[in-house]
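All ligand and atom numbering here is 1-based and tracks the order in the structure.
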Amino acid sequence: MRFSVTSAALLALPALASAEVPEYQAQFQHYLGKMQSYIPSHSKTDPVHAAEAKLGSMKMDVLTLNNWRETLYADVKPGSTTPEEYWVFVTGGNKTCFGHCEKVEQAFNETAGAFALLPNPPHTGYLNCEQEPVLCNAWSVPTGTVWVFEMLPEPAPIDIWVKRFNLTTTTSEDIIARHAEGYKKTFQLHEGTFHPFNGWWAQNHLSLPVGYVLWFFNVVPSWLLMLTLSFVSRSMM
Ligand SMILES: *[C@@H]1O[C@H](CO)[C@@H](O)[C@H](O)[C@H]1NC(C)=O
Ligand SMILES: *[C@@H]1O[C@H](CO)[C@@H](O)[C@H](O)[C@H]1NC(C)=O
Ligand SMILES: *[C@@H]1O[C@H](CO)[C@@H](O)[C@H](O)[C@H]1NC(C)=O
């Protein structure tokens, strides 16, 4: 227990240190002073790499078209009024992210490992649009984004906070810092019609059909569509 509290504090340090906002500096100094009495001087463990070493034991859910709903609701207790925080990283491959998502994906995976060491960790999930094109189209979700779901028991509306991370520069420290300072500072509340729970499409049970339709237009080559359209219009003349 003591270990995990100390490492949580260690994890918070670079996070606070890298935040640009000046008000954090004072807080950080104060924090650092307090922490020094707890941190054994011989300890040189790099918290992020230690966390990475623990990645194997960390629980990161892989979301699919079939399991996303039950996965997100899995740890929500009936009658609970405190949301279960769920951090989902949306990634892609050569087709859906032009091969640029790997670095930030790696950063998120390390972050998930680091979160697992916190006393009250958020849940973490992984959505790969290369493998789940229909789900990604149904949510109309861009790759390289983190979605924070605030899960409450059904049928309560679900708030989702979204942030797109820089694909080339983002490190796990950046993501951990966003968590430490409170994600609502930099994430945006999802208010679009494609919101997987509250959006118009979802409320009318149309997310899935829309996902299939959009996916269809993505996979069918445009020349085939043009050809079909010209046949259709010709036969109508
Ligand atoms: C992605 O593209 C790169 C470069 O074109 C290639 O080396 C790699 O094998 C591709 N990966 C997949 C999963 O297709
Ligand atoms: C991140 O974790 C996911 C889920 O465990 C895994 O499928 C993926 O290969 C990992 N990505 C990287 C870049 O390590
Ligand atoms: C990512 O960060 C780099 C370096 O700061 C910057 O040049 C680039 O424009 C950023 N990309 C996006 C999409 O913001």
Geometric class of the F149/W139 ring pair [parallel <30°, tilted 30-60°, perpendicular >60°]: tilted
From the candidates V104, T91, N109, D61, the one that places a heavy atom nearest atom 1 (C) of ligand 2: N109
Numbering as shown, the atoms of ligand 3 that approach N166 to under 4.0 Å (heavy-atom distance): 1 (C), 2 (O), 3 (C), 8 (C), 10 (C), 11 (N), 12 (C), 14 (O)
W87 side chain reached by E85 side chain, heavy atoms, under 4.5 Å: yes
Under 4.0 Å to a heavy atom of T168 - the qualifying atoms of ligand 3, by number: 1 (C)
Connected-component partners of F98 among ILVMFWY, side-chain separation under 4.5 Å: none
Aromatic ring pairing F108/F89, orientation class (parallel under 30°, perpendicular over 60°, tilted between): parallel
Protein contact for atom 14 (O) of ligand 3 (heavy atom, distance under 4.0 Å): yes
Within-4.5 Å side-chain heavy-atom neighbours: T168 and K103: no
Nearest non-hydrogen protein atom, atom 4 (C) of ligand 3: T169 CG2, 3.6 Å
Proximity to ligand 3 by part of L167, non-hydrogen separation under 4.0 Å: neither
Axial cation check for Y183 ring with K185, 6.0 Å and 45° limits: no
Flag: protein heavy atom within less than 4.0 Å of atom 11 (N) of ligand 3: yes
